[in-house]
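This is the structure I want to talk about, given as structure tokens.
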Protein chains: 2
Amino acid sequence: MGVIRKTKTVEVLLNEFNKRAVAISAKNLIKQFQTSFNKTTIYRVLDKLEEDGVLHSFLGKDGLKWYAKCKGCSASEHNDLHPHFQCLNCGKVDCLSESVKLPEIPNRKIKVSQLLIQGTCDTCYL
Amino acid sequence: MGVIRKTKTVEVLLNEFNKRAVAISAKNLIKQFQTSFNKTTIYRVLDKLEEDGVLHSFLGKDGLKWYAKCKGCSASEHNDLHPHFQCLNCGKVDCLSESVKLPEIPNRKIKVSQLLIQGTCDTCYL
DNA sequence: AATATACTGCAACGTTGTTGCATTAACAAA
DNA sequence: TTTGTTAATGCAACAACGTTGCAGTATATT
């Protein structure tokens with residue numbers, strides 16, 4: 001379970017998430033590191049980092065998988081219930097710190113929820 | 001533009017959405033009607049019906065595209081801001097009528113939002 | 001240094017959805 | 001009803017994102 005060995009791929013990817021504060025899509029990472037790492041490896045490392053509670057994942061605009069650093073998650077518990085904002089212009093995704101109040105749903109048991117807000121970000125906002 | 005001609009495909013698909021009250025994925029429709037219609041046709045008809053404000057679409061669990069009947073939408077305006085609930089056990093998706101209160105986001109312009117709640121539905125809830 | 005096994009790269013594949021193009025069918029007008 | 005325009009369809013091929021199997025490599029442990 002989780003990341004066991006400290007490999008080059010893990011080091012480089014983690015560094016990337018630490019450097020940038022925003023979420024990054026698997027697609028972007030693959031493009032960025034295509035000369036260094038195979039896409040299969042990147043997918044697998046991201047999986048592991050998520051299992052480990054280091055990253056959390058969610059689906060963005062076109063069903064693409066995005067990852068961002070977790071704050072206060074562990075391998076046993078993922079509490080990534082914050083919403084995400086994706087800019088329809090530049091594609092950038094931010095984690096929002098505000099929590100969402102889920103509607104009341106009778107007779108159903110909620111396991112996870114995902115709120116994706118789309119619009120224009122501060123940089124692209126004219 | 002939207003749907004112009006009353007074809008067999010449009011008729012059958014619309015009938016399906018009227019018969020069942022839940023959301024249906026493109027994948028399911030293609031599987032269900034693979035003997036009658038080509039998948040390309042189904043994708044295109046769904047697109048048109050959405051443009052027309054008859055259906056609205058959203059992304060479910062694995063990035064799959066789901067469609068459901070709109071209430072009070074038109075070609076000019078889609079007000080499909082309600083959340084969806086997907087059962088992790090049987091895969092069924094329901095539209096929830098409750099509206100969601102979006103968090104305050106400074107310096108950004110919200111265009112659309114999508115809240116997907118996942119868990120166990122009433123039928124699968126033990 | 002030797003060993004066990006986690007990690008990697010490659011190639012091939014799977015699934016969902018899209019595109020181009022020739023053919024067919026819906027609708028309007030004569 | 002027949003004709004003509006053009007929207008809708010089916011087919012095949014493609015595109016994108018992601019997964020799988022397997023042989024070879026690197027990491028950590030002894």
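We use all heavy atoms of the structure for the numbers below, so side chains are in, but hydrogens, waters and symmetry mates are not. Letters go in sequence order (proteins before strands), and every chain restarts at 1. Note that the structure is a prediction, hence the values are computed from the model and not measured.
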Any donor-acceptor N/O pair under 3.5 Å between dG17(C) base and Lys65(B) side chain: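 In this structure, the two groups form no donor-acceptor pair.
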Classify the side chain of Lys39(B) versus the base of dG17(C) as yes if they form a donor-acceptor pair under 3.5 Å and no if they do not.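 Indeed there is one.
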Gap between atoms CH2 and P, on Trp66(A) and dC17(D) respectively (whole Å):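 Distance, rounded to whole Å: 11 Å.
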Could you tell me how far apart Asp62(B) (CG) and dG14(C) (C1') are, to the nearest whole angstrom?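 Rounding to the nearest Å, CG of Asp62(B) and C1' of dG14(C) are 14 Å apart.
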May I ask you to evaluate whether Thr9(B) reaches the phosphate of dT9(D), defined as a side-chain N or O under 4.0 Å from OP1 or OP2?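 Answer is yes, contact under 4.0 Å.
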Just checking Ile30(B): base, sugar-phosphate only, or nothing, at a heavy-atom cut-off of under 4.0 Å?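 It contacts nothing in the nucleic acid.
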Please state whether the phosphate of dA8(D), meaning OP1 or OP2, lies under 4.0 angstrom from any side-chain nitrogen or oxygen of Lys48(B).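 Yes, such a contact exists.
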Considering just the side-chain nitrogens and oxygens of Tyr43(A), establish if one lies under 4.0 Å of OP1 or OP2 belonging to dG18(D).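 Checking Tyr43(A) against dG18(D): at least one side-chain N or O falls below 4.0 Å of OP1 or OP2.
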Any donor-acceptor pair under 3.5 Å linking the side chain of Gln118(A) with the backbone of Val112(B)?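 Side chain of Gln118(A) to backbone of Val112(B): no pair is present.
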For Lys27(A), is there an ion pair with Asp62(A) - N to carboxylate O distance below 4.0 angstrom?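 No, Asp62(A) and Lys27(A) are not salt-bridged.
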Which part of the nucleic acid, if any, lies within contact of Ser36(A), taking any heavy atom under 4.0 Å across all strands shown: a base, the sugar-phosphate backbone alone, or nothing?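 Sugar-phosphate: the residue Ser36(A), judged by heavy atoms under 4.0 Å, touches backbone atoms but no base.
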Regarding Asp122(A) and Lys92(A), does a basic nitrogen lie under 4.0 Å from an acidic carboxylate oxygen?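 Salt bridge between Asp122(A) and Lys92(A), a charged N being under 4.0 Å from a carboxylate O: yes.
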Distance check needed: dA28(D) P versus Lys8(A) NZ, whole Å only.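 Between P of dA28(D) and NZ of Lys8(A): 13 Å.
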Whole Å only: how far is the CD1 atom of Ile4(B) from the P atom of dA25(C)?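 Whole-Å distance recorded here is 19 Å.
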Are there more than 12 heavy atoms of other residues, nucleotides or ligands under 6.0 Å from atom NZ of Lys111(A)?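 Yes, enclosed.
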For Lys27(B) and Ile42(A), find the nucleotide of DNA chain C closest to each by heavy atoms; which residue's nucleotide sits nearer the 5' end?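 Looking at the nearest nucleotide for each, Ile42(A) comes out on the 5' side.
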Rounded to whole Å, how long is the line connecting atom CG of Asn38(B) with atom C1' of dA8(D)?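 For the pair Asn38(B) CG and dA8(D) C1', the rounded distance is 12 Å.
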The side chain of Arg5(A) is closest to which nucleotide in this list: dA25(C), dA6(C), dT18(C)?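 Given the options dA25(C), dA6(C), dT18(C), the side chain of Arg5(A) is closest to dA6(C).
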Under the 3.5 Å rule, do the base of dG17(C) and the side chain of Arg44(B) count as making a donor-acceptor pair?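 For Arg44(B), whose side chain was compared with the base of dG17(C), there is no donor-acceptor pair (under 3.5 Å).
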Indicate yes or no: does Glu16(A) engage Lys19(A) in a salt bridge with an N to O separation below 4.0 Å.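 Salt bridge: yes.
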What's the CZ-P distance between Phe37(A) and dG9(C), to the nearest Å?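 Taking atom P of dG9(C) as the reference, CZ of Phe37(A) is at 7 Å.
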Tell me whether the side-chain N/O atoms of Thr7(B) come closer than 4.0 Å to OP1 or OP2 in dT9(D).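 Yes, within the criterion.
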Could you state the atom-to-atom distance from CG of Asp47(A) to P of dT8(C) in whole Å?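 Computing the Asp47(A):CG to dT8(C):P distance gives 12 Å.
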Measure from CG on Leu46(B) to P on dA8(D) and round the result to the nearest Å.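 Distance, rounded to whole Å: 14 Å.
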Does a nitrogen or oxygen in the side chain of Thr41(A) sit under 4.0 Å from OP1 or OP2 of dG9(C)?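 So the side chain of Thr41(A) is within the cut-off, an N or O lying under 4.0 Å from OP1 or OP2 of dG9(C).
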